[in-house]
A.B. asks: 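One structure coming up, written as C-alpha cells, with questions to follow.
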Amino acid sequence: MVLTPSPTAAGFGIYIHWPFCLAKCPYCDFNSHVADNINQDNWCNSFIKEIEYHSEKIEKKQVVTSIFFGGGTPSLMPPETVSAIIEAIKKYWVVATDVEITLEANPTSVETNKFNSFAKAGINRVSIGIQSLRDDSLKFLGREHSAIEAINALNIARDYFNRTSFDLIYARPNQTINDWEEELEQALELAQGHLSLYQLTIEKGTQFYTLHQRGELKTPSDEESGLLYETTQKIMENAGYSAYEVSNYAQKGHKSQHNLVYWRYGDYIGIGPGAHGRIAINGNKYATRAHKAPNIWQERISMHGTGNHDDILLTPEERVMEMVLMGLRLFEPLLFTELKQENSNFKAMMNWQAIENLKENGLLAKRQDALQTTIYGRQRLESILPVIFI
Amino acid sequence: MTTEQKNIRNFAIIAHIDHGKSTLADRLIQSCDGLEDREMTEQVLDNMDIERERGITIKSQTVRLMHKASDGVEYQLNLMDTPGHVDFAYEVSRSLASCEGSLLVVDATQGVEAQTLANVYQAIDNNHEIIPVINKVDLPAADVERVKEQIEDVIGIDASNAIEVSAKTGIGIDDLLEAIVTRLPAPLGDKTKPLKALLIDSWYDAYLGVVILLRVFDGVLKEKDKLRFINAEATHDADRVGVFTPKQVQTTVLSAGELGYLTCAIKTISETSIGDTITHERNLCDKPLTGFKPSVPMVFCSLFPVDASDYDKLRDSLGKLALNDASLHFEIESSTALGLGYRCGFLGLLHMEIIQERLEREFNLDLIPTAPSVVYHIYMNDGKMIELYNPADMPDVVLIDHIEEPWIKATILVPDDYLGGILKLCQERRGEQIELTYVGSRAMLVYRLPLNEIVFDFYDRLKSISRGYASFDYEISSYDEGDLVKMNILVNAEPVDALAMVVHRSQTERRGRQLCERLKDLIPKQMFKIAIQAAIGGKIIARETLSALRKDVTAKCYGGDISRKRKLLEKQKKGKKKMRQYGNVEIPQTAFIAALKMGDDK
C-alpha cells in the first residue's frame, strides 16, 4: 500500500537497532545478544532492505529530522555499515540540513578508535555508556571499561563530534548521597551539554533481577531513591542543566532531538530486531514492531522483504494515553491542541476532577490549556497517570 | 436386599478435624466392598472440593455397607458421616439422633480435642453406645496408652477395650467391624406402626431436585407413598427411595431401623427443614420426633463484589448456594463505600469462611467481605427492641436505652505451657472464667465470652498463642447487656462505612489502634499524606498518618516502551475498579480484605 503522509507531519525520526554486544550487562533488559561471528555484509544488506521496505510506506518528501543508532552496542558496527545506512536514508527521503545523527557508544579503546570513521560516516552526536566514574561500581555493573577509559573516550569524542552525551546509573546498592554528589560533580566537569542520569531499575529477565529476588542485591528504599533524585535535580539545575525529561538533563541547545520525538509522540520508524515505530498515515496512527530475534528478523527480510512483525492501528483512546504518558515526562506543557490532534474527543477520557485535585496539591501545573507535571509530580508520575484518566 | 432389623447397625463417626474420620470411612467402605478399588478416591464421602481440601465435612452422608461377621451372619451397617464443626452443631445432633452408636475416633498422636468433646457429649445425650477408636497407631509418635487415659479422664468413658487402628494402612479394621456388630445395639422401632422418619439433611441435586437423607424409626417408606412433613406442614409424593453404598442404589423401600434417601420432586431445600418428621399423609404417626428447631444465623457479614458489575452474578451465586444450604441467609445491602452487595447470615465463622470460599472458587467471584459481626439487641427508649444486623444501621445513641449482645460458653483445651497466654487472651476479651481443670498436662478452660470478641480474631489469636495446640469449641449461652458503642474508621476525615463496627467501650482503644495501624500498612502510599483515624461519635481515639509517596517514576522510557507502558497503564486503570475512593484517597480492596481479616499478630 502507498500511503500519503498527513500534511501536518513535522518530519520523522529513524531508529536503527544494532542487537549485538560483547557481553550482556547484568542490569540490561534491552534486546541485545552476544554472538560469535556476525556476517557484517549480510547485516548491512538487511538494514538497507528494511529501509527500502519502509520507504515504500512513507513518502519521499517526508523530512528525516533525526537518526539514532541504538542497541545493543552500535559502536561495534563497522563504520561502513553506519555509512551505508545513512546513505540509504538519504536516498529515500529528504534529510533535514540540521539532522541529528546519534550513535550510542561504549568507551573502550576499540570503539573510541573508530570515532573518526563514525564522524566521517555522518554521525554528529555520540551518547556514551559510561554508567559510573567509579571502578568498583563499573565492575559491579558488569562494564568492560575503567573510569580512566571513560574519561579518555569523552576527550576523543569532543574532537570528532559537535555534541556528546553520556549516561550514568545511580541509586546503586550502598551508594550514599555524598558518594553520588561527588561523582556527579566530577561528571559535570566532563560533561559537554547533555547527561542522562538513570536510577538503577531492576528489570525482569536480568541477572540483577535474580540476585534481587534472592535478596542478594539491595536497592535503595523509595525514601532514599527519592532523596537521591531530588538531590540530582538540584545539582543539575545549579550547573545550568535543565531537567527536560525525567532522567535527561541538557544545557541550552543540547536536548536530544531524537528522544524528544518519542516524548512528544512524533513519528518515528524503527529498523532492526525488536525495534518499534509510530507512524501517522492519513490521520491514522500505526504501532509497528519488528521481530525480536536477530536471526528471525534477517530471515523474514530475505523471505518477505521485511522483518516487521505487524502494524497495529491505534485507537484514538490509545493515542491519547500514549501521548500523555510520554508527554508528562517532559518539563514542557502538553497542549490540549496537540491532544486534540490525536483524538478530538480526548476530554471525555480525562478525570477533570482528579486533575483539579492534582493541581491543588501541586502535582500538576495550573494551566488551563495544557497538562504539565511539576517537579513534585514528575517524580510521582506512575501514580498520577492512572488517576487522570477515567 | 432386605435385612432383619436385628442385623442392622447404625453408627456415626465422631472425630476432630484431621483425626482421620474420612480416611477411616474410606477404609470401612473398601473393606466391605462398597466400592471397587478403581472407584476409590480419597475421602469418598466428602464430595465438595472444599470438603476434601480442608478435611472437613459440611453435609451429612450415609453409606450402607454389607458385612459378613464372624458369626456367619450378613449385617447391614449404616455409616453416618457427620459434620464435625460447632457451626453445624444442629446438623450433628440430628445425625446422631438417627444412630444407636458412635465410633469415637481419636488421633493416637494428638489426643482428645475440644471439638471431639462437644460431639461426644451429644452422642452420650443421644444414648449412644460408644466405641473408642484410636487411629494412626502406625505413626512413631503414637502414644496409645496416654490417649486411652485421656479418653477416660476427659470424657469419662471406659477406654480399656478401645480398638487400635490405622485407617491409612488398614491395621485393626477387621477388629473394628467386628466390634461394630457385637458391641453396638440393633435399632429399635416397629415396622408395623405408622411411618415415622427423621429428616437428617437435604441437598440439591441438579438431576433429582432435593435429595433428603432420612432415618426410618417406625413403619415402612415406599415409593409413591403420599407423605406428610409435619413441621414444614407440607405434603409430597415419594418419588425415589434408596440407599447409598456409597453409589446411589434405588431400593424402593426403607423399613424401620434403616437409613437412606428420598426424593419427592422438591425444588428448593428451604422447603425441607432438618429435624422434621416425615410420616404418611393418610396414616399419621402419633407425635412428631422431638428436638426440631429452625436454623438461626449467628454471625453476619456483608459481601460486596469487587467489580460492581458482578452484583447480579453474586445474587445468582448466593441463590445457588442457598439451594443447598438452608442456613445461609442473605439480603440486599447498599454501602456508600462498597456499592451494592449482600448482608449475609451464617451459622458461625467456619460456615462464613466456607461460603466465601465457595463463592470465590466455584462462582469465580472477587469479593470484599466486611468485618464479621453478631446480632445485637437494641432496646430503644420507647421500649421497642431492634435486632441490629449491620453496625452501619445503628440508631442514634440518644434514642437507645441499652444494648444487649450474645454471649457464648467456650471450652478450651490447651497444653499447660500456653495456659498463661490463653488466660490473658480470654481476660482481654472480656471473658468470665467458669472452670479451670487439668487433664494430664493439659488444662481445660470453660469461659463465658461475648461472641463479638470471638468473631473478630479470637480463634487466630488462640492458635497463634498456643502454636496451634489449643482447641476450642463454643455454644451460644445468652444475651446480656453491655456498654457497646459504634466505632467509625475515617480516612482523611471521611468515614468508611464498611469498616464501622460495634465494640465494647473497654475495647475501643485497642481495636481502634489495631485497625488504624493495620490500614497504615495496607494502604499503599499515595501522592498525598493520609490520616487514618478511629472515632466514637466525634471523638478521635486512635490516629495514624501515612506519609506521601516519595518517587515512583520509571527511569527510562523510550520508543519501544510505549506499547508496554500503555498496556501497563490500561491494566492500572482497570485495577482502579478494584479501588474505592475516599475523598482523594484510593484504597485497594485487598486492603479492606486484609484489614478485616481476623487474625494478626499484633
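Note on naming: letters A, B, ... go to the chains in the order of the sequence lines (proteins, then strands), and numbering restarts at 1 for each one.
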A.B. asks: A:Phe389 versus chain B, heavy atoms under 4.5 Å apart: side chain, backbone, both or neither?
C.D. replies: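 Answer is both: backbone and side chain atoms of A:Phe389 are under 4.5 Å from chain B.
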
A.B. asks: Quick check for you: to the nearest 0.5 Å, what is the distance between A:Glu223 atom CD and B:Lys525 atom NZ?
C.D. replies: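 The NZ atom of B:Lys525 is 5.0 Å from CD of A:Glu223, to the nearest 0.5 Å.
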
A.B. asks: Using side-chain heavy atoms (C-beta onward) and a distance below 4.5 Å, is A:Met321 in contact with B:Lys573?
C.D. replies: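 A side-chain contact under 4.5 Å exists here.
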
A.B. asks: Working to the nearest 0.5 angstrom, can you tell me the gap between A:Glu318 CD and B:Leu569 CG?
C.D. replies: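 It comes to 11.0 Å.
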
A.B. asks: If contact means a heavy atom pair closer than 4.5 Å, which residues of residues 537-550 of chain B contact chain A?
C.D. replies: B:Ala548, B:Leu549, B:Arg550

A.B. asks: Counting heavy atoms not belonging to A:Ile375, are there more than 12 under 6.0 Å from its CD1?
C.D. replies: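 For A:Ile375, atom CD1 is not crowded (no more than 12 foreign heavy atoms under 6.0 Å).
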
A.B. asks: Under 4.5 Å, counting heavy-atom pairs only, tell me which of A:Gly377, A:Pro386, A:Ser196, A:Ala275 racks up the most with chain B.
C.D. replies: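 Most pairs with chain B among the choices: A:Pro386.
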
A.B. asks: Heavy-atom distance under 4.5 Å between the side chains of A:Leu314 and B:Arg566, does that happen here?
C.D. replies: yes

A.B. asks: State the CZ-CG distance between B:Phe528 and A:Asn357, to the nearest 0.5 angstrom.
C.D. replies: 4.5 Å

A.B. asks: Looking only at heavy atoms, what is the nearest atom pair of A:Arg278 and B:Ser563, with distance?
C.D. replies: NH2-OG, 2.7 Å

A.B. asks: Give a yes or no on this: more than 12 heavy atoms of other residues, nucleotides or ligands lie within 6.0 Å of atom NZ of B:Lys320.
C.D. replies: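 Counting neighbours around NZ of B:Lys320, 12 or fewer heavy atoms of other residues, nucleotides or ligands fall under 6.0 Å, so no.
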
A.B. asks: Backbone N or O of A:Ser383 within a donor-acceptor pair of the B:Asp552 side chain at under 3.5 Å?
C.D. replies: yes

A.B. asks: Aromatic rings B:Tyr558 and A:Tyr262: how do their planes relate, parallel, tilted or perpendicular, breaks at 30° and 60°?
C.D. replies: tilted

A.B. asks: Between A:Glu382 and B:Thr554, do the side chains contain a donor N or O and an acceptor N or O under 3.5 Å apart?
C.D. replies: yes

A.B. asks: Count the heavy-atom pairs under 4.5 Å between each of A:Glu317, A:Glu245, A:Glu230 and chain B, then report the option with the highest count.
C.D. replies: A:Glu230

A.B. asks: With a 4.5 angstrom heavy-atom cut-off, is it the side chain or the backbone of A:Leu385 that approaches chain B, or both, or neither?
C.D. replies: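 For A:Leu385, heavy atoms of backbone and side chain both lie under 4.5 Å from chain B.
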
A.B. asks: Does CZ belonging to B:Arg510 count more than 12 external heavy atoms closer than 6.0 Å?
C.D. replies: yes

A.B. asks: Give, as side chain, backbone, both or neither, the part of A:Ile312 having an atom under 4.5 angstrom from any heavy atom of chain B.
C.D. replies: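 For A:Ile312, neither part sits under 4.5 Å from chain B.
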
A.B. asks: Taking atom CD as the centre, does A:Glu338 end up with more than 12 heavy-atom neighbours from other residues, nucleotides or ligands that are less than 6.0 angstrom away?
C.D. replies: yes

A.B. asks: Which residue out of A:Leu227, A:Val261, A:Leu197 racks up the most heavy-atom pairs below 4.5 Å with chain B?
C.D. replies: A:Leu227

A.B. asks: Which pair of non-hydrogen atoms, one from B:Ala555 and one from A:Ser247, has the smallest distance, and what is that distance?
C.D. replies: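 Heavy atoms of B:Ala555 and A:Ser247 come nearest at O-OG, 2.7 Å.
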
A.B. asks: Quick check on A:Arg380 against chain B: is it the side chain, the backbone, both or neither that has a heavy atom closer than 4.5 Å?
C.D. replies: both

A.B. asks: With a 4.5 angstrom heavy-atom cut-off, is it the side chain or the backbone of A:Val324 that approaches chain B, or both, or neither?
C.D. replies: neither

A.B. asks: What's the spacing between A:Arg378 CZ and B:Lys551 NZ if we round to 0.5 Å?
C.D. replies: 13.0 Å

A.B. asks: Taking C-beta and beyond as the side chain, do A:Asn361 and B:Met527 meet within less than 4.5 Å on heavy atoms?
C.D. replies: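 A side-chain contact under 4.5 Å is absent here.
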
A.B. asks: May I ask you to test the A:Met326-B:Lys565 pair for a side-chain heavy-atom distance under 4.5 Å?
C.D. replies: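 Not touching, per the 4.5 Å side-chain cut-off.
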
A.B. asks: What part of A:Asn31 gets closer than 4.5 Å to chain B, counting heavy atoms only: side chain, backbone, both or neither?
C.D. replies: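 Looking at A:Asn31, nothing touches chain B.
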
A.B. asks: Side-chain contact, heavy-atom cut-off 4.5 Å: B:Lys556 with A:Glu203?
C.D. replies: no

